[in-house]
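These notes are about the structure you will find just below.
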Amino acid sequence: MAAPTTDPTAPGIDWRRLGSLVTGQAAVQAGGFALLIAMSWTAVELGGRGAVTAVTLAATLPRALLLLFGGALTDVLGPRALLLRATSVRVLVLAAGAVVTATTHTLWPLVVIALADGILLGLTGPAAGVLLPYLASKEHLGRANSLFSMVLRLAPIAGSPLGAWLVVVGGLPVAMGAAAAGCVLWLVCAAHVTRGVPRPEPAAQGPSLLRRSGDGFRLLAAHPRLRWMFVACFAMDLAFLWPAEVALPLRAAENGWGVGAVAVVLAAFSTGALASAALGAALAHRVPAPVKLVLTGVGLAAGTGAMALVPSPGVLAGTAAAVGLLSGLNGPALVTAYQQAVPEGKMGAAMSTFALSGIGAAPLSLALFTPVSLHLGVTGTWLLCAGVALVSPIAAAVALRAAPGKAPGRSTPDRIRTAPESTVTSV
């Protein structure tokens with residue numbers, strides 16, 4: 001199916017469909033976090049630490065493993081077909097889970113439901129990630145990503161307490177019902193958002209889906225700008241996880257600041273990030289790319305290092321707010337530049353690799369920096385993380401100098417080919 005022809009007089013962003021995307025993702029993401037909290041709490045009651053580990057692994061491992069396959073499937077079927085079908089199945093899984101958990105108080109339904117949910121999320125993750133370039137022109141893609149990043153930041157803030165409240169009110173079945181309702185709203189919104197998104201052209205022959213699952217890594221190897229933007233995004237994620245998850249609580253405990261200081265610092269960071277993301281949604285297209293990618297990245301690295309050295313929780317919170325302000329502009333800009341560097345027809349494969357790196361950054365950061373902290377201490381390792389964060393603006397600067405690829409979007413040619421190519425390397 002041919003892509004809709006872009007009208008030169010049309011606005012740079014399809015605000016109606018972008019609003020549907022944001023609304024639907026807000027509902028499904030908040031419901032997902034609520035379900036995660038409810039399932040973890042129920043698992044603790046049913047079997048303690050081992051039960052929580054089993055449920056967590058069932059939810060996360062298949063999701064990570066199937067992201068690459070989901071990216072290839074997106075490029076073959078198109079985002080509309082995959083999202084609508086898989087989300088419909090997810091509604092049925094969660095609705096059935098609500099019924100089963102209401103009548104059976106054992107661990108096995110949680111594991112089965114977590115496994116099925118993780119599989120479906122892994123398959124649809126890349127499909128959801130390819131939509132923004134179809135809703136905004138290249139010049140306005142940063143604004144769309146800024147608005148979308150606000151949803152991703154607000155979802156855990158709203159979803160986590162919602163999950164705890166739902167457990168108190170009605171237990172896990174009610175939480176599953178709420179998650180299913182969020183999926184229904186996302187299904188309706190996804191139908192609106194993906195209307196008019198081009199379907200892949202059928203191909204008589206081509207590489208298998210299993211082989212196409214590696215296309216994301218082949219793209220990184222073949223396209224310098226995409227590769228360096230991937231490095232920039234991954235380095236920033238890797239650098240931020242350990243200070244937030246480990247170093248901050250350790251430092252608060254060592255200095256006797258209490259857990260309240262941790263909450264205040266994280267809230268200050270989130271507030272700054274949300275404020276700048278909102279500002280970016282309005283003005284990101286007016287800020288030069290080197291400022292968003294390089295200058296803010298250097299500021300993030302410097303701010304991360306400063307957070308390791310400040311003397312009091314109040315100053316730490318103020319520094320965190322400043323870092324959050326830079327992060328709210330830098331993060332969406334990194335995602336935007338990565339999307340813009342994706343060659344035509346390969347957005348699904350590229351976004352699957354991107355999503356996998358985000359999921360992998362958390363455990364890798366903890367596994368890498370925790371042993372190092374035994375030798376360098378909390379402050380020294382925190383400063384090392386700031387040095388790793390500095391890799392991001394350097395890689396972004398290199399990416400800006402590299403030859404760009406052609407990315408799909410509202411300004412692409414009339415025909416967009418997303419079906420299997422004659423050879424895998426012809427990207």
Side-chain angles (χ1 to χ4, degrees), residues 24-25 27-47 50-74 76-77 79-129 155-156 159 162-163 166-167 170-191 209-210 213 348 352 355-356 358-360:
Q25 280 292 296
V28 75
Q29 293 277 351
F33 277 103
L35 180 61
L36 178 64
I37 294 297
M39 292 185 71
S40 298
W41 182 260
T42 305
V44 169
E45 293 181 329
L46 292 174
V52 174
T53 302
V55 170
T56 302
L57 289 176
T60 56
L61 280 181
R63 181 176 183 180
L65 293 174
L66 286 170
L67 276 173
L68 297 178
F69 186 78
L73 204 59
T74 299
V76 172
L77 298 179
R80 179 179 177 85
L82 186 56
L83 278 175
L84 298 187
R85 294 173 187 175
T87 304
S88 298
V89 174
R90 192 176 179 218
V91 171
L92 297 177
V93 168
L94 292 175
V99 174
V100 172
T101 54
T103 57
T104 305
H105 301 287
T106 56
L107 181 62
W108 71 263
L110 273 69
V111 176
V112 172
I113 293 165
L115 183 65
D117 202 41
I119 290 172
L120 292 169
L121 288 174
L123 291 176
T124 58
L162 175 63
L166 290 174
V167 168
L172 182 58
V174 174
M176 283 196 177
C183 287
V184 170
L185 180 56
W186 165 232
L187 185 62
V188 174
C189 292
L209 278 175
L210 183 61
S213 297
S352 67
L356 184 62
I359 293 175

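Remember, it's a predicted structure, so these values are computed and weren't measured experimentally. One-based numbering along the sequence shown.
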inquiry  = Show the nearest heavy-atom pair for residues Pro173 and Gly170, with the distance to one decimal.
reply    = CD-O, 4.0 Å
task = Flag the pair Arg85 / Val89 as yes when at least one side-chain heavy-atom distance between them is below 4.5 Å, and no otherwise.
result = no
query = Can you name the closest pair of heavy atoms from Ala180 and Ala95 and give their distance?
reply = CB-N, 4.3 Å
request  = Quick one: pull up CG in Leu94 and OG1 in Thr101 and give me the separation to the nearest 0.5 Å.
outcome  = 10.0 Å
query = Can you tell me how far the CG atom of Leu73 sits from the CG atom of Leu82, to the nearest 0.5 Å?
reply = 5.0 Å
query = Looking at CG of Leu83 and CG of Leu123, how far apart are the two atoms once the value is rounded to the nearest 0.5 Å?
reply = 10.5 Å
ask   = Could you walk me through whether Leu66 and Leu121 pass the side-chain contact (heavy atoms from CB on, under 4.5 Å) check?
value = CA-CA 9 Å; Leu66 286 170; Leu121 288 174; over 6 Å; no
ask   = Within a strict 4.5 Å, meaning less than it, do heavy atoms of the Val100 and Val112 side chains meet?
value = no
inquiry  = Taking side chain to side chain contact (heavy atoms under 4.5 Å, CB included) as the criterion, tell me which of Leu46, Val167, Leu110, Leu166 meets it with Leu172.
reply    = Leu110
request  = For Arg80 and Ala190, work out which heavy atoms get closest and say how close.
outcome  = NH1-O, 4.5 Å
message = Just so I know, are the side chains of Met176 and Ile113 near enough to count as touching, which here means a heavy-atom distance under 4.5 Å?
response = yes
key: From CG (Leu115) to CG (Leu57), nearest 0.5 Å   = 11.0 Å
query = Where do Ala43 and Ala51 come nearest, in terms of heavy atoms and distance?
reply = O-CB, 3.2 Å
request  = Give the minimum heavy-atom separation between Gly31 and Ala179, together with the two atoms involved.
outcome  = O-CB, 3.8 Å
query = If every non-hydrogen atom of Ala127 is compared with every non-hydrogen atom of Pro79, which pair is closest and at what distance?
reply = O-CB, 3.8 Å
query = To the nearest 0.5 Å, how far apart are CG in Leu36 and CH2 in Trp41?
reply = 14.0 Å
key: Check: Ser88 and Leu187 side chains under 4.5 Å, non-hydrogen atoms   = yes
message = Donor-acceptor check, side chain of Arg90 to backbone of Leu120, threshold 3.5 angstrom: yes or no?
response = no
